[in-house]
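Scroll down for the structure; my scribbles are underneath it.
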Amino acid sequence: MGTADGRVGTLLLDSPRTIAGVRAAEVVTELVAAAAGTAGPSSRALRPRVIMVVGNGFELRSWSEPLLAALGSFPLHVVRQPGLPTPESVARLAHEVRAHRADVVVAVGGGSVMDTGKAAAALSLRADPTPETVVRACEDEAETSAAPPIIALPTTPGTGAEATPFATIWHREHGRKLSLRGPGLRPVTAVLDPDLLIGLPEAHFVSCLLDTLAQGLEGAWSVRADERSEWLGATALAESAELLDRRQVGLGSAQRHAALLAGHLAGRAIAIAGTTVCHAMSYSLTLRHGLTHGHACGLTLASVLRYNAGVGDDCADARGAPRVRDAIARAVRAAGADSVEALAGRIEALARSPALPPIPDIRHDAPRIAAEALTYDRAGNNPRRMTVDILTRLLTGITERDYAR
Ligand SMILES: [Fe+2]
């Protein structure tokens, strides 16, 4: 059991229990039995009922058959979640979880699949989950606790959704990003199987790497950051360093492992510290300009990095500006860069990777993106004060050089 580079093991960290470097199909039955509190799949009287949530293209991936065969030893129902989580898709899946009387939810996919599975599991205890129930639960900030346990198997490296106690839900009609949060949303187990990244399109990988970099830096500089989140963020950046300088398309085994681990640790960092203004600005960029989540976060990251590194009297962190500047300096070093500018330049180049769609001209929409960003509570986690004017200037500057000529 394990990968070619021999990096196998259980990460000794808080919940979720994280198992890295294993083949998912070889461990998943044992993990389901453990999550359900039964004696294992051979115990016929106590066979847990399983819902597996998968994304588009699941059956085309080389690892899907062994995974299905392994989970087929349980009463299994497979549900597809295409696209971003919405109140409708979460309510629909919550109904399926109820109808199947699922004891365990296994989410196999990227951030959208995992977030839908987490939210649906948490809301499946409600008698009649509807899209309105989902929206209300997000708006009321209702804390969900008891729910069928979730086992998360990320197939993209970077969202960290397998580690966080929250789910992002997109309310397109209202043009808003909603959050459902609570201990019931945190998976009990995360399985980091590098083989699940085989066949990942380059655009997904680059987008995920940008999300990892954003979450690593935000987890380090947030006003809610502590020693643990800073360490997790810096370690995620250190694991990402080699990937940042990657010259070829495609990932070797060691790189797949590094990417998964980096994404996971960055996810753990934001589970502690919360995200900041890059994520706050990303939601409008996704909803109105169609950027993927990672691309949307990465687009503003270099500018926010430079801005936050210049923090002084306008510091929003009660611990003071030196703490923020030191945390940023440590994160920059961890990423293998010798200056803020060097790291910012690499991030800017990555956000303009030929693998990604061209960056849209956001200058005309900058004031609206800025105003909306400040309505998300995570904007308040930024360590340097932000205003609509400052954010507007920052956003306008980002695409100035792309569209000025
Ligand atoms: Fe993110």
Side-chain angles (χ1 to χ4, degrees), residues 55 83-85 107 109-119 138 152 154-170 176-181 185-187 190 200 203-222 224-225 229 232-233 235-237 239-240 243 259-287 289-305 308 331 335 347 350-351 356 369 372-373 376-382:
L84 297 171
S112 292
V113 168
M114 288 188 279
D115 277 0
T116 309
K118 288 157 61 178
C138 294
T155 62
T156 63
T159 69
E162 73 280 5
T164 61
F166 35 77
T168 293
I169 298 167
W170 301 86
R176 292 286 294 170
K177 189 275 316 182
L178 305 172
S179 264
L180 187 68
R181 53 189 84 193
L185 274 79
R186 193 195 297 269
L200 183 74
H204 289 212
F205 169 70
V206 174
S207 175
C208 286
L209 182 55
L210 285 165
D211 198 15
T212 295
L213 297 170
Q215 294 180 174
L217 282 165
E218 290 176 276
W221 72 38
S222 166
R224 290 167 48 202
S229 74
L232 288 161
T235 309
L237 292 164
E239 286 287 330
S240 303
L243 301 167
L260 261 184
L261 189 59
H264 181 72
L265 296 177
R268 284 183 176 272
I270 60 156
I272 296 168
T275 53
T276 69
V277 77
C278 298
H279 271 73
M281 287 190 282
S282 77
Y283 305 128
S284 300
L285 291 169
T286 293
L287 280 165
H289 297 277
L291 295 183
T292 59
H293 174 68
H295 197 188
C297 295
L299 184 59
T300 61
L301 182 60
S303 299
V304 175
L305 168 60
N308 282 346
I347 293 168
L350 194 66
L356 295 173
I369 298 169
E372 287 173 352
Y376 289 106
D377 57 2
R378 62 203 60 223
N381 291 336
N382 201 63

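Each ligand, and each atom within it, is numbered from 1 in the order the structure gives. Keep in mind the model is a prediction, meaning the values are calculated, not measured.
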- Message: Please give me the protein atoms (N, O or S only) lying under 2.8 Å from the Fe ion (ligand 1), ordered by chain and number.
- Response: D211 OD1, Q215 OE1, H279 NE2, H293 NE2
- Message: Within the 3.5 Å criterion, strictly below it, is a donor on S282 or K177 matched to an acceptor on the partner's side chain?
- Response: no
- Message: S240 and side chain to side chain contact (heavy atoms under 4.5 Å, CB included): which single residue from T212, T235, L261, L210 fits?
- Response: T212
- H295 (side chain) donor-acceptor with A351 (main chain) under 3.5 angstrom: yes
- Query: Sequence neighbours excluded, which residues qualify as side chain to side chain donor-acceptor pair (under 3.5 Å) partners of T275?
  - Reply: R378
- Item | V304 and L217: CA distance, side-chain angles, deciding distance, side chain to side chain contact (heavy atoms under 4.5 Å, CB included) verdict | CA-CA 10 Å; V304 175; L217 282 165; over 6 Å; no
- Using the six-membered ring wherever Trp is involved, compare the ring planes of W170 and Y283 and label them parallel, tilted or perpendicular (cut-offs 30° and 60°). perpendicular
